[in-house]
Amino acid sequence: MLGATARIETEFEPAHGEMGLGEPGVGAPAQTARFDAPPAFAPESPRPARPARRRFSLKRAVFAIFGTHLSKSGFRIRLAALLFGGLFLLFIGRLAYLGTKPNPDSLRREASQAVSAARPEIVDRNGQLLAMDVKVMSVFADPREIIDKDEATEEITAILPDLNAHDLRARLGAKKGFVWIKRDISPSQQQAIFRLGLPGVGFLPENKRVYPNGPLAAHVLGFTNPDNQGIAGIEKYLDGQGLSDLHDAGFKLTQESLAPVALSLDMRATHAVRDELVQAMQRFSARAAAAAIIDVNTGEVVAAESLPDYDPANPVDALKPDAINQLTVGVHEMGSTFKALTLAMALESGKATLNTRVDVSNPLRAGHNYIHDFEPQHRPLSLPEIFTYSSNIGSAKLALAVGVENHQAFLRKMGELTRMRTELPENSAPILPRRWSEISTMTIAFGHGLAVAPLQAMMAVAALVNGGYLITPTFLKRPDGFDKTSAPQVVKPSTSESLRYILRLNAIVGTAKKANIPGYFVGGKTGTAEKVVAGHYSKHKVFTTFMAILPADKPRYLFMTVMDEPKGLKEDGFWDTAAYNSGYVTGRLIERVTPLLGLAPRLDLPTEPFPLLARMGYGFANAPPITGPGDH
């Protein structure tokens, strides 16, 4: 009821210690309290308010971080420092991880760059193998994965005792992802290293160059380094033709995908040449020797050897001073073989004919010196006689008749005054007079005062006998159907036939008789040049040359032998001139090699070998000679 007094009774048990003055008894009756309730219309006393839970607001969070109120600055700075510090630590940790963690792709890339690349096979003109690749196994290491480098060094050198332990330890301590331990190991060594179970040590198959014929044709083939890159000879030439560029560009070339390279060499002939040179060097105690055979109609070098040589598979001897290629690198005064050029020049210029006679009765003055003949005749000599008697005086007078400038022009046309370049990168420029004077022309006419590579002189003589075409020698096999007329013609056909006749005459009655092998109609010329020692010509050290063409009526091959400082033999009267050494060797080569090249000896020699000369009125060219000078 409104306004009535409400009585509320509440029963409760007082807590322990709140029982009043008396002691509370167990199970004491509950006390009853009475409260007078306020009237219904009286206002209730306010209760304490509970704080309202604020909902998350993105706007307030953004404002708290990025707001411009000064009270928020400290918080924002601490938060930014924390974030940037965390990012920096994450970045440093990632770099450290990448720097220490081996990268298989990177290791594979380094290994592929280190592994030796494939090279094409090299064969001779008949397809005989001269150089090839074989697969070998090499051992490498990733130093970052090797835990105990000292232990690894000790265990590996126990299996590979030829390794230097100090060097190996330094390599294993390098901060690289790939280092070679040893290349070209045996299968047993590979198995022993594999059983060690060393982390970071692995094996890679790679290519190794093999030369099955040992030192045969070493100066022509050249050799490669451990990475199978060409260092010398044809091997270096192949890299220069784009092989190395293809490898550098990432092309995965295999030996099967590369066509074999056919050389012009015939290895049967080359073997015979080397064998004869080895015997000749011992027989004549020569310092060096070399020989070559050229097809005069194609310029192909059919055989070439130079001693001392080396084994391309282990070319440690290639660095010795005497182990140069005497055919292309060594430059020498070629002696009387240059008289063939002098006579051809006189005929070509019109200053002389085969009937021209030159007075050689007295020595010829050259400055403060005099030019003498080896076998003085003290009478006028015909052009063929100047050649067969090897007259220095007659050759010098012919050159003077042509003139200094015309002499230079002719030799330049014949390729003797500039560097001759073939596929072999090893070559030398000729040594010319500092000032080309009349004396220079006189001495160069008989082969002194101008030094050229022997193969360079061969090129000129080949042009004199092949109809007049100057063909640069090549060590690569020519394609079938090569036409020599595509080469520049340097002398007339009549001049060429005249030289063939003179060379043939010299083999019958002159200085080339030791190489006149029956049945082959040989023509030839000797050359003996005193060597320059300490700025002066030595009387006891000579460089000898012999050149021979066969057959002289229709030349096919030009043979040349050179010997450096040969010694005279007792049975030869201790003569050290070309006829007794280089001429002797060339004769043996003709006898031994020509059957291998398909040239059989002719039982019946041609009755008119020089028909063009006969039509020009030189019928004597086809008549057998009667007498002639001796050997020298």
Side-chain angles (χ1 to χ4, degrees), residues 333-418 430-452 457 460-461 463-464 468 490-492 494-496 498-499 502-503 505-506 510-511 525-530 532 537 545 629 632:
E333 295 181 346
M334 299 301 292
S336 293
T337 54
F338 249 52
K339 290 172 182 173
L341 294 173
T342 303
L343 266 65
M345 175 181 67
L347 291 170
E348 190 73 8
S349 67
K351 297 291 184 179
T353 68
L354 291 180
N355 290 325
T356 298
R357 291 187 172 271
V358 178
D359 187 9
V360 298
S361 302
N362 301 305
L364 179 64
R365 183 168 183 171
H368 299 290
N369 300 302
Y370 286 89
I371 296 173
H372 300 269
D373 281 346
F374 191 81
E375 292 185 4
Q377 297 302 304
H378 306 294
R379 64 178 176 86
L381 298 179
S382 68
L383 212 67
E385 286 180 318
I386 290 173
F387 200 75
T388 56
Y389 284 104
S390 198
S391 172
N392 296 335
I393 299 171
S395 300
K397 285 188 173 183
L398 288 174
L400 287 176
V402 174
V404 173
E405 292 185 359
N406 291 332
H407 187 207
Q408 284 181 290
F410 182 80
L411 291 179
R412 184 173 293 106
K413 180 174 65 173
M414 300 302 296
E416 301 306 291
L417 302 187
T418 56
I431 301 176
L432 310 180
R434 293 181 180 178
R435 188 179 67 86
W436 198 301
S437 62
E438 279 195 351
I439 295 177
S440 301
T441 284
M442 294 165 69
T443 59
I444 292 172
F446 54 86
H448 285 73
L450 172 65
V452 300
V461 173
L464 295 183
V490 290
V491 296
K492 297 188 293 286
S494 59
T495 302
S496 178
S498 297
L499 262 294
I502 293 173
L503 287 166
L505 181 66
N506 194 50
T511 61
K525 184 69 184 82
T526 55
T528 304
E530 296 174 349
V532 177
Y537 284 106
T545 307
H632 58 79

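Computed from a prediction, not measured in an experiment: that's the story for all the values here.
- Side-chain contact annotation: Thr545 with Thr337, donor-acceptor N/O pair under 3.5 Å absent.
- In summary, the aromatic rings of Tyr537 and His448 are positioned with their centroids under 6.0 Å apart.
- What you find for Ala346 and Val402 is that their closest heavy atoms are CA-CG2, 4.1 Å.
- In this structure, Ser390 and Ser336 approach most closely via the heavy-atom pair OG-OG, 3.1 Å.
- The two atoms that bring Val358 and Gly394 nearest to each other are CG1-CA, 4.1 Å, heavy atoms only.
- When all heavy atoms are compared, the tightest approach of Val491 to Ala463 is CG2-O, 4.1 Å.
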side-chain contact (heavy atoms from CB on, under 4.5 Å) assessment of Arg379 paired with Val360: CA-CA 6 Å; Arg379 64 178 176 86; Val360 298; 5.7 Å; no
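- Here CG of Leu464 is found 9.0 Å from OG1 of Thr495. Values are rounded to the nearest 0.5 Å.
- Checked options Thr353, Asn355, Leu398; the residue passing with Leu383 is Leu398 (criterion: side-chain contact (heavy atoms from CB on, under 4.5 Å)).
- When all heavy atoms are compared, the tightest approach of Glu416 to Ala460 is OE2-CB, 3.4 Å.
- For CD of Glu530, the number of neighbouring non-hydrogen atoms (other residues, nucleotides, ligands) closer than 6.0 Å is greater than 12.
- Note that the CD1 atom of Ile393 and the OG atom of Ser391 stand 5.5 Å from one another [nearest 0.5 Å].
- With rounding to the nearest 0.5 Å, the separation of CG in Leu432 from CG in Leu411 is 9.5 Å.
- Note that CD1 of Ile444 and CZ of Phe338 are 8.0 Å apart. Values are rounded to the nearest 0.5 Å.
- Sorted by first and then second residue, the side chain to side chain donor-acceptor pair (under 3.5 Å) pairs involving residues 400-415 (not counting sequence neighbours) are His407-Thr441.
- Between Ser395 and Ile386 there is a side-chain heavy-atom pair separated by less than 4.5 Å.
- Summarising the geometry, atom CD belonging to Glu348 is positioned 10.0 Å from atom OG belonging to Ser496; distances are rounded to the nearest 0.5 Å.
- Nearest heavy atoms, Trp436 versus Val404: CD1-CG1, 3.5 Å.
- Asn392 contributes no side-chain N or O that, together with a main-chain N or O of Ile371, makes up a donor-acceptor pair within less than 3.5 Å.
- Inter-residue side-chain proximity for Lys525 and Leu503 is flagged as met; some heavy-atom pair is nearer than 4.5 Å.
- Counted by atom type alone, Asp359 and Ser361 present one or more donor-acceptor pairs between their side chains at under 3.5 Å.
- Contact of the Val452 side chain with the Leu417 side chain is not registered, since no non-hydrogen atoms from C-beta on lie closer than 4.5 Å.
- For CZ of Arg435, the number of neighbouring non-hydrogen atoms (other residues, nucleotides, ligands) closer than 6.0 Å is 12 at most.
- Rounding to the nearest 0.5 angstrom, the gap separating the CG atom in Leu364 from the CE atom in Met442 is 3.5 Å.
- Here the side chains of Ser498 and Leu354 are in contact, with some heavy-atom distance below 4.5 Å.
- Between the side chains of Asn506 and Thr511, at least one donor N or O sits under 3.5 Å from an acceptor N or O.
- Residues Glu385 and Arg357 are in side-chain contact: their nearest non-hydrogen atoms beyond the backbone lie under 4.5 Å apart.
- Tyr389 is not listed as a side-chain neighbour of Asp373, based on a closest heavy-atom distance of 4.5 Å or more.
- At a cut-off of 3.5 Å, with distance as the only test, no side-chain donor of Thr342 or Lys339 sits close to an acceptor on the other residue.
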